[in-house]
Number of protein chains: 6
Amino acid sequence: MQSVFLEDIDAETYAAYITQPHATLIIPAGATEQHGPHMPLGVDAMLSRAIAGVVATKLGSLVAPTLSYGYKSQPRSGGGNHRVGTTSLSGATLSGQVEDVARSFIGQGFTKVVILNGHFENYQFIYEGLEIAVGRAREMGLDARAMLLSYWDFVDEETLEKVFPDGFLGWDIEHGGVLETSLMLLLHPEKVDMSRAVNHPPAQLKPYDIFPEDPERTPASGCLSSPFGASAERGKLLLDAVTNGVARAIEDEYSLSLESLAVR
Amino acid sequence: MQSVFLEDIDAETYAAYITQPHATLIIPAGATEQHGPHMPLGVDAMLSRAIAGVVATKLGSLVAPTLSYGYKSQPRSGGGNHRVGTTSLSGATLSGQVEDVARSFIGQGFTKVVILNGHFENYQFIYEGLEIAVGRAREMGLDARAMLLSYWDFVDEETLEKVFPDGFLGWDIEHGGVLETSLMLLLHPEKVDMSRAVNHPPAQLKPYDIFPEDPERTPASGCLSSPFGASAERGKLLLDAVTNGVARAIEDEYSLSLESLAVR
Amino acid sequence: MQSVFLEDIDAETYAAYITQPHATLIIPAGATEQHGPHMPLGVDAMLSRAIAGVVATKLGSLVAPTLSYGYKSQPRSGGGNHRVGTTSLSGATLSGQVEDVARSFIGQGFTKVVILNGHFENYQFIYEGLEIAVGRAREMGLDARAMLLSYWDFVDEETLEKVFPDGFLGWDIEHGGVLETSLMLLLHPEKVDMSRAVNHPPAQLKPYDIFPEDPERTPASGCLSSPFGASAERGKLLLDAVTNGVARAIEDEYSLSLESLAVR
Amino acid sequence: MQSVFLEDIDAETYAAYITQPHATLIIPAGATEQHGPHMPLGVDAMLSRAIAGVVATKLGSLVAPTLSYGYKSQPRSGGGNHRVGTTSLSGATLSGQVEDVARSFIGQGFTKVVILNGHFENYQFIYEGLEIAVGRAREMGLDARAMLLSYWDFVDEETLEKVFPDGFLGWDIEHGGVLETSLMLLLHPEKVDMSRAVNHPPAQLKPYDIFPEDPERTPASGCLSSPFGASAERGKLLLDAVTNGVARAIEDEYSLSLESLAVR
Amino acid sequence: MQSVFLEDIDAETYAAYITQPHATLIIPAGATEQHGPHMPLGVDAMLSRAIAGVVATKLGSLVAPTLSYGYKSQPRSGGGNHRVGTTSLSGATLSGQVEDVARSFIGQGFTKVVILNGHFENYQFIYEGLEIAVGRAREMGLDARAMLLSYWDFVDEETLEKVFPDGFLGWDIEHGGVLETSLMLLLHPEKVDMSRAVNHPPAQLKPYDIFPEDPERTPASGCLSSPFGASAERGKLLLDAVTNGVARAIEDEYSLSLESLAVR
Amino acid sequence: MQSVFLEDIDAETYAAYITQPHATLIIPAGATEQHGPHMPLGVDAMLSRAIAGVVATKLGSLVAPTLSYGYKSQPRSGGGNHRVGTTSLSGATLSGQVEDVARSFIGQGFTKVVILNGHFENYQFIYEGLEIAVGRAREMGLDARAMLLSYWDFVDEETLEKVFPDGFLGWDIEHGGVLETSLMLLLHPEKVDMSRAVNHPPAQLKPYDIFPEDPERTPASGCLSSPFGASAERGKLLLDAVTNGVARAIEDEYSLSLESLAVR
């Protein structure tokens, strides 16, 4: 295949691919959300798609079109849903979209589906849609399996220490911070403008949510921690950790063999 | 702005854009669907996004991330939902997605929204979601307006005659035919392989639908008419007709002025 | 049976009917919508029911109670949803109603179901409900088949030329025009008052929709084309074309034999 | 107006009607359900529509198209949902239909809406839809009021004694019994075949429901009590009691005046 | 087991219980609703739970956590939904909750499920959820059965005469009256303050509902009949009648044997 | 008031309470889920209710009836949804329940609502329901505010060190471990049987989810970490940390004053 991206290949090639025993489909899930003044609104969608692409190349998988809109941004893990640029789906729509899309692919013959999440707040609603889709497919007698993961959960301790030499404070405040900025500097450098990046201490978040949101409680930059310290080199460390980890997990779960795939 | 695509710009630039009186948002809606052996699965998403991009450049509009999955393909206007490669949303999910996304953008301050459709079967479900979103926004006292269009409805008679010199048989059978192939040859030539195109007479479709679908009733190619005759030149004629027509319609509805915008 | 209308026959007769190999059920779908000053609000429901009755008589089918409320009227194919007299269902409710009703009838033993549509805007939402109902029934192992059609799609070229001697401009603008008025003059003449009919040129519709609707863009009469030229004779030509065409299509799909049925 | 039935009048007459201070709309709600071997499947729809027609004539009201399909028949008040001929909506669809239809009519200007129910099992789901529709309309600042009633609740004691001289056993077992049969003998005698009526003791129902239903627990006739004793005369007593009672209740609630209306 | 309440036992004991042939689960359904000045808001939940507990003790059943919130209180059977203290679910949420919970328990192996209702307005929405859950489970090949009952339907004539020596006026007006107050005086005497009870004639209810509700039409006390005459002794009569009746019905339906169970 | 539990107080007392400026409502949300062989199925509901009760006593708040059923247990934070004893709601039902209940209470006049969560997997679905309820209430012009918290997020570092002297491994694996067991030993000691507790190393969880769940991947005990080390004393440390922290947060957000409340 000339591309790992499903939208780029034709139906006959696609049909032939599905019949192969190692056929695996990765669906990236992102969001359209503000990421501070130094990064574009599409960060979550771009990163989940790019990471899925690297993993797919390693494994001989296909990557489905990205779910570009995500669940409501929450102040405890993102900038908050009130911010301009943050465009959100309701939980029901996101779960429904995942259910429909997963069911379509399973119905076409995929038995190995992966959703690779790149927006913190999406996880539970994707879980719900995927649980229903796989459950229903199996009730119908189809052989269906799926995995769900958020890519940052595959960054290992060693990489963390290198990327955050001053200490790592948690993935929840990495919205617009070193993690995402480093990956963007590596993968889409032309879409990052570090001259506009704002340096500020990490957001001091309350351990609860309030409704309506209070815009005063998250940094004016829209980021929950400073992107200073981000670099393409750190992006490379992160990308390698994530894509190796994810590829290995998929390989394990679906009994793929990276070696044998390398020669396809 | 460096890009007309919303996902490429940062939140502050975006926030400033919305406050301008001519601020207009175009949301492309496509599908992930087989388009014969000579074209990729993403044709509908690619074309609606590319056309939206040209129109946005003319008008100084922004283009939102594409709705990449569409309503179930129907034999009377597409290859049919049974075909491998055709990945579909239920009507409720598509309408819900449109409602949520339109409501988000209207809530952020857009008063001029356009959905540019590139997949025949989507229209009514987008209509439903948009009607609800605009209706609810206006009940809340927001100044909200929206337009919905399918791009092929802007091809004029003169262009039709040039592109289909042997006579035009209707948009419904243009799935995978001269229209889409010509536009793809112009806009994404590297994704078209004319050597794999199949020449066959136009599909003779029944004037009704049956359930379950009968795969025998549509051509094995997955196209409803032959792409032979498609060319980048014809693609240019089509693109010009469509983008000029759509831009003029948006201009008329939203009282924009192409001239004044040209200098932004 | 004394009547082709299901609501008129008793449960035992009905139960016996279903066991016959040719048992076929036709469900008319209409709307409650303004049709100009010369015709009543129930035109779509009345015509779909009457046409279904004629077809059922030809085929020995049964006609279910009409779905009397339809999807929102759209300016490009009806008067628009803003008009007084136009009473509409949401897409979800219409699809749900079709799904529930079709599932009930299939569950009772019908394997041959037809929905005969008489309101342009209904089609996709009926399609969605029917697709789900048949799909689910088949997943459960039931032998279920269904057809969906809009009656005007069965008017042949020859009839078109006779009914529209000055040229036919498309079914979309036939709302309240010659087609519907002629059929009403034939089938329910006492409900038409031609003295109140308004003569005006065909609506010049834009090739897109706007939200909110603009009442100024469709003729004040509520009709999209003039009913002048309508007559019971033309209604007869239309009715014959439609009912013969529909009966033949059902016969073909469901392997009925008109001859053998004639003697029941 | 030439007819009290909304579907029979034209949009202009209808629009003028709504502006009158006494304008009142009655929506009949029935079902499509077996009613024993002596009566047709449409009894509930026919009776609710006919009773609404008489009340509307008394009050100068309009009658909307009947909701012809109802909620699942239950053994404790009907024949049970398992019976052939019983075609049912889910609760969500019925509530949604009521909500949509009521909202449409309120949106067109009706401030006085009545739903006249003729199928026992419908009541709560209609209540839900109507409560939501009126609640939402009032939130939007519309002056909306509605009534919901089942027609048999207006039979007074004196009439009960005349119609059931041997004692009245409760409305729940009147499915297919003396009440409905007498009204049908009066209003649609040609659709009743008393020679097929089955005489049997009243159903001895358990004070609870079981799932799945047990067909053995309700009489094989499909009726919960015997129709013997039904007559058009008793139908007249019932009709008068019901229509007078309902008309008076509407009059009271909506401050109409029967006298003044009589001369319209 | 040390408790009949499922929430009090551990998972292993629970798992062992389900494998027993007589394993039966009773789910109480109540409401959170005003019950006059002399009784607490939780009456419906408390009574359904307590009655389920007594029945479960007789039968060796388990009692699931109570559904504590119910459908909207209606003036014809409760105080009305407008009253402070009355907290309600929509019909869809209540049906969904019943469907989900019943499906979970059936999926865990229960073949004998009972829902014991203690709030008049809940019945139809519980019915809908239970019908769907059992129907779906059986489609999947599971052996699932369920019962649905309101506890007051098991009070026999003899008990009625003792508890209401001046005549019984119907369960619908027993909201906050002698039935509920007597049971509370027996089961939760510390939560009743008879010194605050208000004596007033039974509510004279209209045989229909109006929207919006009119607070003037139900007694200011929030009760539809006077609690005077309530006593723990009458509570005992009622409790015995109800629990014996319900236990016998479950025993009959599910072929349990009270004697054999007594020795467990 | 004699009780902080809303279900125990009468409507008049409740109505008077709401009018007080400090009136605050806490809604506990739990689950019905296995918690190993040493603890009962109701742990999450019991703990959230008990903690809410202590906080309410401190603040003069009311506690609403507990949401006793929760979202599907997930292996990464609970035992997994496949385990016997784990009874779950779909995401839509849980969000719907929260939306309905919050809307009811806000509609009755509460401006200060808190949901206190005790089941990890619930959080996002409660968030969704609460976000919608508060958003809609504010659109209607109501003064509505809400907070959402999980109680364990209020355990401070100092307490953590005392309760987990060997190091704290994360809340996600505290399902059935020291946290919950200690709190149960303090609050409901009679419902814990430490002789049945299983000692095992903490679950080694994968950083992703798979569908269908694999029962082999979580400990057979159903707990994700060992309850050994749990004690009532540690429960007291935890309870104090949590209730003080939660009370202070509510006080801060809602400008209550603990001192002034003490004398009510």
Side-chain angles (χ1 to χ4, degrees), chain C residues 2-3 5-15 18 30 32-43 45-46 64-69 72 79 81-90 92-97 99-101 103-105 107-109 188 190-193 196 221-222, chain D residues 2-3 5-15 18 30 32-43 45-46 64-69 72 79 81-90 92-97 99-101 103-105 107-109 188 190-193 196 221-222:
Chain C
Q2 67 271 44
S3 169
F5 295 106
L6 180 157
E7 64 258 40
D8 291 338
I9 66 173
D10 70 278
E12 293 190 357
T13 305
Y14 175 82
I18 296 176
T32 296
E33 182 189 17
Q34 67 81 24
H35 278 78
H38 68 295
M39 287 205 293
L41 300 175
V43 163
M46 289 169 189
T66 303
L67 306 181
S68 304
Y69 296 95
K72 298 162 190 168
N81 204 38
H82 57 281
R83 291 189 177 272
V84 174
T86 297
T87 303
S88 304
L89 301 180
S90 65
T93 299
L94 179 53
S95 294
Q97 191 179 18
E99 181 187 339
D100 288 354
V101 167
R103 238 156 102 177
S104 275
F105 285 121
Q108 288 166 22
H188 296 285
E190 77 289 358
K191 300 190 178 179
V192 185
D193 180 354
R196 307 186 64 182
S221 73
Chain D
Q2 67 272 42
S3 168
F5 294 106
L6 180 158
E7 64 258 40
D8 291 337
I9 66 173
D10 71 277
E12 293 190 357
T13 305
Y14 174 81
I18 295 176
T32 297
E33 183 190 16
Q34 68 81 24
H35 278 80
H38 69 295
M39 287 204 294
L41 300 174
V43 162
M46 290 169 189
T66 303
L67 306 181
S68 304
Y69 296 95
K72 298 162 190 168
N81 203 38
H82 58 281
R83 291 189 177 271
V84 175
T86 297
T87 303
S88 305
L89 301 180
S90 65
T93 301
L94 179 53
S95 295
Q97 192 179 18
E99 181 187 339
D100 289 354
V101 167
R103 239 155 102 175
S104 276
F105 286 121
Q108 288 167 21
H188 296 285
E190 77 289 357
K191 299 190 179 179
V192 185
D193 180 353
R196 305 185 66 180
S221 73

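Both backbone and side-chain heavy atoms feed into the values below; hydrogens, waters and symmetry mates do not. In the text below, chain A, chain B and the rest are named by the order of the sequence lines, each starting its count at 1.
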Under 4.5 Å from a heavy atom of chain C, the part of [X] involved:
{"X": "D/Ile18", "result": "side chain"}
{"X": "D/Ala64", "result": "both"}
{"X": "D/Arg196", "result": "side chain"}
{"X": "D/Thr87", "result": "both"}

Q: Report the option among C/His82, C/Arg83, C/Met46, C/His38 that has the most heavy-atom pairs separated by less than 4.5 Å from atoms of chain D.
A: C/Met46
Q) If you count heavy-atom pairs under 4.5 Å with chain D, which of C/Asn81, C/Asp193, C/Thr86, C/Leu94 comes out on top? A)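 Of C/Asn81, C/Asp193, C/Thr86, C/Leu94, C/Thr86 has the most heavy-atom pairs under 4.5 Å with chain D.
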Determine the option with the most heavy-atom pairs under 4.5 angstrom with chain C, choosing from [options].
{"options": "D/Gly109, D/Gly222, D/Gly36, D/Pro37", "answer": "D/Pro37"}
{"options": "D/His35, D/Gln108, D/Glu12", "answer": "D/Gln108"}
{"options": "D/Gln34, D/Glu33, D/Lys191", "answer": "D/Lys191"}
{"options": "D/Gly85, D/Gly79, D/Gly42", "answer": "D/Gly85"}
{"options": "D/Pro65, D/Ala92, D/Ser104, D/Ala11", "answer": "D/Pro65"}
{"options": "D/Ala15, D/Ala45, D/Ser88", "answer": "D/Ser88"}

**Q.** Residue list, side chain to side chain donor-acceptor pair (under 3.5 Å) with C/Ser221, at least two apart or on another chain
**A.** C/His200
Q) Who passes side chain to side chain donor-acceptor pair (under 3.5 Å) against C/Thr93, sequence neighbours left out? A)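 Partners of C/Thr93 by the side chain to side chain donor-acceptor pair (under 3.5 Å) criterion, ordered by chain and then number, come out as C/Ser90, D/Asp100.
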Q. Within the distance-only criterion (no hydrogens, no angle test), does the side chain of C/Ser68 pair as donor or acceptor with the backbone N or O of C/Thr32 below 3.5 angstrom?
A.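 Such a contact is absent between C/Ser68 side chain and C/Thr32 backbone.
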Q: Could you grab the distance from atom CZ of D/Phe5 to atom CG of C/Leu41, nearest 0.5 Å is fine?
A: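 Between D/Phe5 CZ and C/Leu41 CG, I get 14.0 Å after rounding to 0.5 Å.
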Q: Starting at CG of C/Leu89, measure out to CD of C/Gln97 and round the result to the nearest 0.5 Å.
A: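 CD of C/Gln97 is found 6.0 Å from CG of C/Leu89.
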Q.
Which atoms of C/Thr66 are under 4.5 Å from chain D, going by heavy atoms: the side chain, the backbone, both sets, or neither?
A.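 Contact with chain D is through the backbone of C/Thr66 alone.
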Q.
Which heavy atom of C/Ile9 sits nearest to which heavy atom of C/Ser3, and what is that distance?
A.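 Distance-wise, the nearest heavy atoms are CG2-O, 3.8 Å.
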